[in-house]
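What's counted below: heavy atoms across the whole structure, side chains too, no hydrogens, waters or symmetry copies. Every number for a ligand or one of its atoms is a count from 1 in the order of the listing. Note that the structure is predicted; figures quoted are calculated from it, not measured.
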Amino acid sequence: MKLSFTKMHGCGNHYIYFNCFDQAVPDPEALSIRLSEPHFGIGGDGIILISPSDRADAQMRIFNADGSEGRMCGNGIRCVGKYLYDNGMVNGRTAVTVDTLSGVKRLELDVRDGRVQSVRVDMGAAILLPRDIPADFEGDSVVGAPLVVDERVYHVTCVSMGNPHCVIFLSEDIDSLDLARTGPKFEHHPLFPARINTEFVNIQSDGSLKMRVWERGSGETWACGTGACAVGVAACLTGRAEKGSDITVRLRGGDLNIQYTDETVFMTGAATTIFEGEIEI
Ligand SMILES: N[C@H](CCC[C@H](N)C(=O)O)C(=O)O
């Protein structure tokens, strides 16, 4: 069978998008493994299905490159908002809603000259209770807690944005880290029963937060939207940023703006269509 797809990215976090309003995608887990592979497939950090929803403009499901399903995707949801607008699926509205496994999210599309320039997403409240992350730590939150990986003590702050994150602030240059070695040891650490997305952060001299990420199910990606939210929240919780302020998170593929308030977390950033195509599966 032939499927049409759209390749899109948010800050270099690239996925293969399928419009399931007019086509059915069989076995998305296996398809994500096959198509994410760049040599024999299309290449990407996973696939994203855009389907009808009875409680939002569309439903988004995200599958990582290893076939596992994520419960939320910040870079992906911005691209879904852009896709819906560009394909006339929201009648030109710039306020749209997308249903996810972590609830319905509200998006504001910044449209100039008929093109979506950036998207602001209300990502919902940060989840800090360890059992809800999940992370097997004592207490009501995990802020600067010691965690031993490879006989080294890291101080971690854990946040869920619907999906689990472990944030680590380092003084050493994160560009020197061997993430291919260290990332999987965090991802599969026994204290994270659902695995974990891990963000390694340097505070820049201008106060921005430079990060690299090892994603659960996809390895190192060039950006992680939910991860950038978790980094902004962790920076506030550890006194490295001020709640309510505009926080710039600098990722390998671009910048995201994060605002952590008492009620919710806002994420603003670009969304880009790379190409469209068809594939025989
Ligand atoms: N790997 C993540 C899903 C993708 C999240 C990320 N790409 C984003 O932009 O938020 C997980 O399994 O929780």
Side-chain angles (χ1 to χ4, degrees), residues 7-17 28-29 32-33 36 43-50 60-83 98 100-103 105 107 118-124 126-127 132-135 158-167 179 183-184 186-189 192-201 209 211-234 249-258 260 264-272:
K7 187 79 189 293
M8 303 179 81
H9 79 85
C11 300
N13 188 200
H14 58 148
Y15 291 93
I16 304 148
Y17 292 74
E29 295 83 356
S32 188
I33 294 168
S36 299
D45 295 322
I47 68 171
I48 288 183
L49 309 185
I50 304 171
M60 172 182 86
R61 291 182 72 191
I62 180 248
F63 295 85
N64 294 304
D66 71 352
S68 62
E69 185 165 7
R71 296 184 54 79
M72 183 48 194
C73 183
N75 288 314
I77 203 168
R78 296 200 314 278
C79 290
V80 169
K82 172 178 173 60
Y83 183 91
V98 177
T100 76
L101 289 181
S102 300
K105 308 298 179 186
L107 287 66
S118 72
V119 182
R120 185 173 193 253
V121 186
D122 179 342
M123 296 287 283
I127 297 161
D132 293 339
I133 291 176
C158 295
V159 179
S160 170
M161 293 305 300
N163 59 349
H165 294 272
C166 173
V167 179
L179 249 55
F186 279 92
E187 177 182 0
H188 300 282
H189 196 288
F192 301 120
R195 296 191 287 167
I196 197 92
N197 301 286
T198 308
E199 289 80 23
F200 302 85
V201 188
L209 307 174
M211 77 171 247
R212 288 177 69 188
V213 58
W214 182 268
E215 281 201 34
R216 172 178 67 173
S218 291
E220 179 167 20
T221 61
W222 277 40
C224 179
T226 50
C229 293
V231 165
V233 171
V249 179
R250 302 193 190 285
L251 305 108
R252 284 186 71 174
D255 293 353
L256 289 174
N257 177 281
I258 305 297
Y260 174 37
T264 191
V265 180
F266 289 106
M267 171 197 62
T268 304
T272 305

Could you pull out every N or O of ligand 1 that sits under 3.5 Å from a protein N or O, with the distance for each pair?
| residue | atom | partner | partner atom | Å |
| --- | --- | --- | --- | --- |
| ligand 1 | 1 (N) | N64 | OD1 | 2.9 |
| ligand 1 | 1 (N) | N197 | OD1 | 3.2 |
| ligand 1 | 1 (N) | E215 | OE1 | 2.7 |
| ligand 1 | 1 (N) | R216 | O | 2.9 |
| ligand 1 | 7 (N) | N13 | OD1 | 2.8 |
| ligand 1 | 7 (N) | Y15 | OH | 2.7 |
| ligand 1 | 7 (N) | E215 | OE1 | 3.2 |
| ligand 1 | 7 (N) | E215 | OE2 | 2.9 |
| ligand 1 | 9 (O) | N13 | OD1 | 3.2 |
| ligand 1 | 9 (O) | G74 | N | 3.3 |
| ligand 1 | 9 (O) | N75 | N | 3.0 |
| ligand 1 | 9 (O) | N75 | ND2 | 3.3 |
| ligand 1 | 9 (O) | G225 | N | 2.8 |
| ligand 1 | 10 (O) | G74 | N | 2.8 |
| ligand 1 | 10 (O) | G225 | N | 3.4 |
| ligand 1 | 10 (O) | T226 | N | 2.9 |
| ligand 1 | 10 (O) | T226 | OG1 | 2.6 |
| ligand 1 | 12 (O) | N64 | ND2 | 3.0 |
| ligand 1 | 12 (O) | R216 | NE | 2.9 |
| ligand 1 | 12 (O) | R216 | NH2 | 3.3 |
| ligand 1 | 13 (O) | N163 | ND2 | 3.1 |
| ligand 1 | 13 (O) | N197 | ND2 | 3.0 |
| ligand 1 | 13 (O) | R216 | NE | 3.4 |
| ligand 1 | 13 (O) | R216 | NH2 | 2.9 |

Item to check | Side-chain donor or acceptor of S68 paired with backbone N/O of N64 under 3.5 Å | outcome: no

Next on the checklist: Could you go through L256 and R78, starting from their C-alpha distance and side-chain angles, then the distance that decides it, and tell me whether this counts as side-chain contact (heavy atoms from CB on, under 4.5 Å)?
Outcome noted: CA-CA 11 Å; L256 289 174; R78 296 200 314 278; 3.5 Å; yes

Checklist outcome for this item: Sequence neighbours excluded, the answer for side chain to side chain contact (heavy atoms under 4.5 Å, CB included) partners of C166 is V156, C158, I168, F186, F192, I196, T198

Item to check | Min side-chain heavy-atom separation L107-I77 under 4.5 Å | outcome: yes

Item to check | Steps toward side chain to side chain donor-acceptor pair (under 3.5 Å) verdict (T221, D45) | outcome: CA-CA 7 Å; T221 61; D45 295 322; 5.1 Å; no

Checklist outcome for this item: d(E215 CD, T226 OG1) to nearest 0.5 Å is 6.5 Å

